[in-house]
Amino acid sequence: MKNAIQVKGLTKRFGRFTAVDRVDMVIPRERVYGFLGPNGSGKTTAIRMMCGLLEPSAGEIEVLGMKIPEQTRQIRRKVGYMTQKFSLYSDLTILQNMQFMAQIMGVEKSQRSGRVHQLLDRFHLSSFSNRPAGALSGGQKRRLALAAAVIHHPKLLLLDEPTSEVDPNTRREFWDELFIMCEGGTTVLVTTHLMDEAERCHQLAILHEGQKVADGTPKALKQNLGSRIFQMDGQDITSARHLLVGLPEVLTTTRIGVSLRVMLRPGQREDEAWLAEQVSGCDLSIKTVEPSMEDVFVMVTQETDKGA
Amino acid sequence: MSMPAAFVRIIAISRKEFLHLVHDRLTFGMVVMIPLFQLVLFGYTINTDVRHIPAAVADNLNSGFSRQLILDLEATQILDFNQMATSPQHLESLIQDGVVSAGLYIPHDGEQRYYEGEGRPLVQLLVDGSDTTLAAAVRQLSNFSFQPGSTVANQSQSQQIAVRLLYNPERRAALFTVPGLLGVILTMTMVMFTSIAIVRERERGNMELLITTPVRNLELMLGKIIPYIGIGLIQVSVILFLGVLLFNIPVAGKLLAIYTVCLIFIVANLTLGLTISTLARNQLAAMQMFIFIFLPSMLLSGFMFPFVAMPKIAQLLAEILPLTHFLRIIRGIVLRGETLNGVAIDILYLIGFAMFFLLVSAVRFSKRLD
Ligand SMILES: Nc1ncnc2c1ncn2[C@@H]1O[C@H](COP(=O)(O)OP(=O)(O)OP(=O)(O)O)[C@@H](O)[C@H]1O
Ligand SMILES: [Mg+2]
């Protein structure tokens, strides 16, 4: 078994609506694999199918060498799942929730208490471990949920937006933890809307309207973007933007702080001189820049829109 | 030397359910408040017009006179004579066995007594006094005046029919109502608690996590009912305590039997509730299904109206309901001093019912979201 997850032609239909559409995916072991995509692109649905919560309409899933959904029971102890929506018990305290998860996930009795307290410390929850989970802040809940998801040392960790509502410092610690676990032999599949998180992943896949529209390492995705990106600085970026918006060669224009970022459609070979011509009369400097992860995301999720 | 994982998981679920209960003050309060309210509210019997009570007749006279008397009594529609007996002892045993609820004894000198006019009752009516509504209906017949043929001779003003109550001779309604209330309250709280137990987790989103854990369906079901068994037994104790304190219900020497039967009945209701919970889409639907079960239980089980006085179809329906069987058992034990052996069939039904619905709930419970 060299891949943690292997998915072929994975499809989920809700009535006539197709939420996940013929997705092929291979997630190698001991990697942090990112799962990107706009809201409603099917990330949660795909993950739910991988842990046997939803039955696929079509396609094959193999998780840790087991066929899903047929062999779902065999992977239960080896998979940790952190749901997008908080799914621990709001009326139970942090400690009670953790004890419950330790018991139900089969942590040995002799190690239970030690493991619970170790995780509470690691995720900075010890000082209010007697507070009901429902009374926690958004980020605290996420920390509790992650602590609960890893309590049984899972081989595979499925994290559905673990860092939404989490502050930047905690986010860093989260990611440090993920890499520590990864080095310890755990494979991590993590969905996110944050580009800096996407950059940290070993590999990632981007979903759009249920279909996988790109995958690879962050570096390869950026290199293979196939679009030119320019950055414009100066007084007149607002008027420059107006001039550029309607042009067929231009895919997007985005203001980032005081500069304007312009992405051409893929395959367009126009250069800085062409761009300067389009905005002649504006007081601007133009330079070609390296594509960012966000450019990749926007490219693959907008391009298919227009194509459709 | 570690416990099997399955046990640990059942305990984990039970402990969690118990914590929910403790944290939910309202529900916890209901455990005690429901019995208290109901006992006070229903402390009196609901009297109703009862007809067609199954009865037996021991006709030792066997003449035109006695046949006329039987027909006239039947014409009141209160009694239906559908069994024959040979002696008063035979009548009593038919009543004891629940074959009939009343028995008419016509002595061989019944006709003679009528014409002598010495004021001696002509016949005796035996009634199962443990059902006070029934007994009250039959007692009306003590005012019955019999006039054989066209003879107007010897109009006696004295009582012609002597009514004798078997069991519960003091006619204490509470003796009848309180054991019934025990059943009604347990049905109400036990089915209600568990009918939302699973659907609530679905609604709150806990299910998405819970079903990705190694917990098995049957473990989940068992784990969920265990704390409520404890709650149910607490309620039984509250009701019995109040019953003894307020109504002087005789329970001495019968406590073990009462608790055993209650335990079985509690489990039957809990598994029924769980099954509802696996069928319902949301908590509201679960509540509606609960009421769908609870109302017939109240009306048909014999709690409100005497079972024997109901139409056949209603009786058949009532036989399905656990409360019907429980009432039979508990009244037998408390009022007639039955042993558990004497009510074995009803007990077996309850055990079968509980096992059946435990399995149904475990099979019905889907470890999926769709
Ligand atoms: N049970 C369901 N019935 C019908 N439609 C559903 C169901 N679950 C999901 N969908 C639809 O499937 C699509 C994909 O949903 P999904 O939750 O997988 O998106 P997502 O990528 O996780 O989005 P987000 O980033 O907002 O979490 C959405 O359009 C959603 O409305
Ligand atoms: Mg999602």
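So that the names make sense, note that chain A is the first sequence line, chain B the second, and so on, each numbered from 1.
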request  = Working to the nearest 0.5 Å, report the span between OH of A:Y81 and OG1 of B:T213.
outcome  = 13.0 Å

key: Nearest-0.5 Å distance, CG of residue B:L209 to CZ of residue A:F86   = 9.5 Å

request  = Heavy atoms only: give me the nearest A:S87-B:G205 pair and the separation to one decimal.
outcome  = CB-O, 3.1 Å

ask   = Can you tell if the side chain of B:V8 reaches within under 4.5 Å of the side chain of A:E108, non-hydrogen atoms only?
value = no

key: chain B contact via A:K12 - which portion, at a heavy-atom distance below 4.5 Å   = side chain

inquiry  = For A:G106, is there any backbone N or O sitting under 3.5 Å from a side-chain donor or acceptor partner on B:R9?
reply    = no

request  = Enter the distance from B:N206:CG to A:S90:OG here, rounded to the nearest 0.5 Å.
outcome  = 7.0 Å

inquiry  = Rounded to the nearest 0.5 Å, what separates atom CE in A:M50 from atom OG1 in B:T212?
reply    = 14.5 Å

request  = Measure the shortest side-chain to side-chain distance between A:Q84 and B:E208 over non-hydrogen atoms and say whether it is less than 4.5 angstrom.
outcome  = no

inquiry  = So does B:H23 get a backbone contact from the side chain of A:D91, meaning a donor-acceptor N/O pair under 3.5 Å?
reply    = no

inquiry  = Please check if the number of heavy atoms outside B:F241 that lie under 6.0 Å from its CZ is greater than 12.
reply    = no

request  = Specify the closest pair of heavy atoms between B:P214 and A:R73, including all atoms of both residues, with the distance to one decimal.
outcome  = O-NH1, 2.9 Å

query = So which part of A:M101 gets closer than 4.5 Å to some heavy atom of chain B, the side chain, the backbone, both or neither?
reply = side chain

ask   = Picking from A:V79, A:T83, A:I75, which has the most non-hydrogen pairs under 4.5 angstrom with chain B?
value = A:T83

task = Mind checking the NZ-CG spacing from B:K16 to A:N97? Nearest 0.5 Å is all I need.
result = 9.5 Å

query = Is chain B contacted by the side chain of A:P69, its backbone, both, or neither, given a heavy-atom distance below 4.5 Å?
reply = side chain

query = So which part of B:I13 gets closer than 4.5 Å to some heavy atom of chain A, the side chain, the backbone, both or neither?
reply = both

Exceeds 12 heavy-atom contacts within 6.0 angstrom, atom CZ of A:F179 = yes

Region of B:E201 that comes under 4.5 Å of a non-hydrogen atom in chain A = side chain

message = For the residue pair B:R15 / A:Q103, report whether a side-chain donor-acceptor contact shorter than 3.5 Å exists.
response = no

task = Report the option among A:L53, A:L92, A:L54 that has the most heavy-atom pairs separated by less than 4.5 Å from atoms of chain B.
result = A:L53

ask   = Could you give the distance from CZ (B:R204) to CG (A:L88), rounded to the nearest 0.5 Å?
value = 13.5 Å

message = Is it the case that atom CZ in A:F128 sees more than 12 heavy atoms from other parts of the structure closer than 6.0 Å?
response = yes

